[in-house]
J.: 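Let me begin by handing over the structure; questions about it come next.
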Amino acid sequence: MENMGAAGPNNDILDEIFNRTINSKSIFLNRDVLRNDYIPDHILFRDDQISQFGSILAPILRGNKPSNIFLYGKTGTGKTVVARYVTKKLYERVLKLNLNIKFLYINTRLASTQYKMLVELGAQLDISLPFTGLSLSEAASRIFEKMKRDSINTIIILDEIDYIVKNYDDNILYEFTRVNNELLNGNFISIIGISNDLKFKEYLDPRVLSGLSEEEMVFPPYTVDELEAILTDRIRAAFRPGVVSESAVKLCASLAASEHGDARRAVDLLRVAGELAEREGSDVVDTDHITKASRSIERDRTYEVIRSLPLHGKLILAAVLAAPEDINTGRLYSNYTSMARSLGIEPLTQRRISGILSELDVLGVVNAPVVSNGRFGRSKRVKLVVPREVVSRALQEDELISSILK
DNA sequence: CCTCCACTGGAAACCTAGGCTC
DNA sequence: GAGCCTAGGTTTCCAGTGGAGG
């Protein structure tokens with residue numbers, strides 16, 4: 001770095017960027033309003049759900065156990081935000097009344113295993129559980145023990161609860177719905193389950209289902225008009241007046257509406273579009289930015305998913321990438337084995353690869369339907385459904401794998 | 001209509017890492 | 001420190017199957 005500090009062309013470029021950023025007024029007033037985890041102070045079109053939800057939980061302020069609640073509706077229909085909004089308001093009251101109530105929030109898809117879910121719950125109660133070694137029931141009873149010892153009442157929000165049940169079983173859920181009797185001392189746990197999957201109930205043991213869904217609430221998708229109103233509302237808080245064009249709002253709403261009325265997606269689009277516009281130095285956000293944002297979000301998601309895949313998942317993708325077109329499990333497996341061997345990695349069995357392929361299918365990275373080729377047997381036909389360039393870029397990130405991607 | 005391929009996917013056994021008990 | 005226990009990932013085993021070609 002000999003020329004560091006010297007006034008060269010590079011410096012001029014940077015000066016220009018920095019100056020532009022300092023001097024130009026940002027198009028944003030408050031970009032936090034567009035963040036994924038933002039809880040607005042008013043929520044549109046969900047008055048019924050909010051009041052129903054609020055009245056179910058309200059008894060907690062008098063020290064009574066609220067019913068367990070089950071919320072379901074597709075992604076971006078406001079389940080999480082309503083749950084967080086109401087519990088936040090409730091928490092303000094709890095503080096005023098000086099009650100010993102904790103609100104815990106877990107996304108079971110992010111926690112990914114039953115055990116990690118318990119570790120996460122424990123962390124929110126200030127107890128640390130070892131990352132392995134304990135049985136589920138031991139981990140759970142340590143959590144219960146803590147609640148009993150400190151006489152804490154808890155409301156636990158289990159977001160994307162369908163994930164954990166589909167991949168494991170519902171034993172710990174059963175423990176949580178059942179434990180109130182043993183927690184005595186007047187302590188209780190109320191469970192708020194949130195599911196994106198309407199058919200999820202079929203996976204649950206009837207005992208758990210009846211315990212979990214003492215109350216049920218359904219969140220319908222937002223209509224285009226509703227999405228537009230939500231966006232307009234957020235725009236007022238997030239951007240300077242007049243920055244976002246009306247046609248951009250319309251496009252944003254209709255894009256999100258075509259994905260089953262997903263408000264989260266609509267707001268994401270808006271945020272990314274705003275960031276793109278700002279980076280370009282544009283002082284308006286128009287339809288062009290929305291379209292670009294839509295593409296960029298998809299790419300980022302894919303990139304992130306692939307980058308965080310376990311080694312063998314990546315290896316399989318590398319093998320899919322190397323295949324010219326659709327490829328069946330058998331051929332894919334032999335390509336995968338030779339790639340693995342060339343890296344000095346012991347390949348997994350075909351049975352396992354078949355399973356991993358199904359997981360990649362669920363993640364939306366590949367399409368792997370089972371097709372029958374008649375006389376030539378039955379197998380998965382694997383096809384990449386995300387841009388090759390994104391996959392290859394994400395795989396490059398892995399040192400080991402980048403060495404075989406020519 | 002029957003055969004038979006090349007797997008699929010369920011079930012169970014096995015492996016590993018790490019905490020717990022004594 | 002030996003011996004035991006469990007969760008989560010993997011392997012082993014295998015019955016089951018959609019449809020092209022006979």
Side-chain angles (χ1 to χ4, degrees), chain A residues 106-123 125-146 149 158 160-176 179 199 202-205 208 305-306 308-317 319-320 323 325-341 343-363 365-383 398 400:
Chain A
I106 299 276
N107 182 314
T108 68
R109 187 171 51 81
L110 300 182
S112 79
T113 68
Q114 303 187 85
Y115 189 82
K116 282 186 192 152
M117 181 182 120
L118 292 177
V119 170
E120 178 65 19
L121 277 176
L125 287 168
D126 295 322
I127 51 177
S128 69
L129 299 167
F131 74 93
T132 171
L134 298 184
S135 68
L136 286 173
S137 56
E138 172 61 21
S141 64
R142 287 194 191 185
I143 289 172
F144 298 149
E145 204 43 52
K146 164 80 175 178
R149 192 169 355 111
L158 298 175
E160 305 198 50
I161 195 175
D162 44 327
Y163 180 88
I164 210 89
V165 176
K166 277 181 204 162
N167 287 286
Y168 299 90
D169 54 31
D170 47 17
N171 287 340
I172 9 151
L173 288 185
Y174 183 62
E175 293 223 24
F176 274 91
V179 75
K199 287 182 300 182
E202 294 164 16
Y203 295 89
L204 280 176
D205 184 305
V208 181
V305 166
I306 296 173
S308 57
L309 240 34
L311 177 64
H312 289 280
K314 287 182 183 168
L315 269 172
I316 294 165
L317 266 189
V320 176
E325 261 292 312
D326 302 7
I327 185 167
N328 65 344
T329 310
R331 288 204 43 176
L332 183 62
Y333 183 67
S334 65
N335 290 356
Y336 152 82
T337 7
S338 55
M339 278 174 131
R341 291 240 165 75
L343 292 173
I345 300 166
E346 196 54 36
L348 302 179
T349 56
Q350 184 160 330
R351 173 72 188 86
R352 181 67 190 125
I353 295 318
S354 177
I356 293 178
L357 278 172
S358 302
E359 289 165 27
L360 291 176
D361 193 339
V362 171
L363 286 172
V365 179
V366 300
N367 183 246
V370 178
V371 294
S372 173
N373 299 304
R375 172 127 304 215
F376 309 104
R378 238 167 133 245
S379 164
K380 287 191 167 90
R381 189 181 57 212
V382 185
K383 190 164 75 180
D398 189 300
L400 204 54

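Remember, it's a predicted structure, so these values are computed and weren't measured experimentally. Throughout, a chain's letter reflects where its sequence line sits, starting with A, and its residues are numbered from 1.
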J.: How close or far is atom P of B:dT8 from atom CG of A:N328, stated in whole angstroms?
T.: 9 Å
J.: Is the distance from OP1 or OP2 of B:dC5 to the nearest side-chain N or O of A:R375 less than 4.0 Å?
T.: no
J.: Among B:dC20, B:dT3, C:dT17, which nucleotide sits nearest the side chain of A:R142?
T.: B:dC20
J.: Within the 4.0 Å heavy-atom criterion, would you say A:Q350 contacts the bases, only the backbone, or no part of the nucleic acid?
T.: sugar-phosphate
J.: Side-chain N or O of A:S354 versus OP1/OP2 of B:dT8: is the shortest distance under 4.0 Å?
T.: yes
J.: Of all the nucleotides listed (C:dT10, B:dT8, C:dG8), which has the minimum atom distance to the side chain of A:T113?
T.: C:dG8
J.: Nearest to the side chain of A:T349 - C:dT11, B:dG18, B:dC4?
T.: C:dT11
J.: Among the candidates C:dG8, C:dT10, B:dG9, find the nucleotide nearest to the side-chain atoms of A:R352.
T.: C:dT10
J.: By nearest atom, which of the nucleotides C:dG18, C:dG8, B:dG9 is closest to the A:S372 side chain?
T.: C:dG18
J.: Can you tell me which nucleotide in B:dT8, B:dG10, B:dG18 comes closest to the side chain of A:R351?
T.: B:dG10
J.: The side chain of A:F131 lies closest to which of these nucleotides: B:dG18, B:dT8, C:dT10?
T.: B:dG18
J.: How long is the line joining CD1 of A:I353 and P of B:dC7, in whole Å?
T.: 13 Å
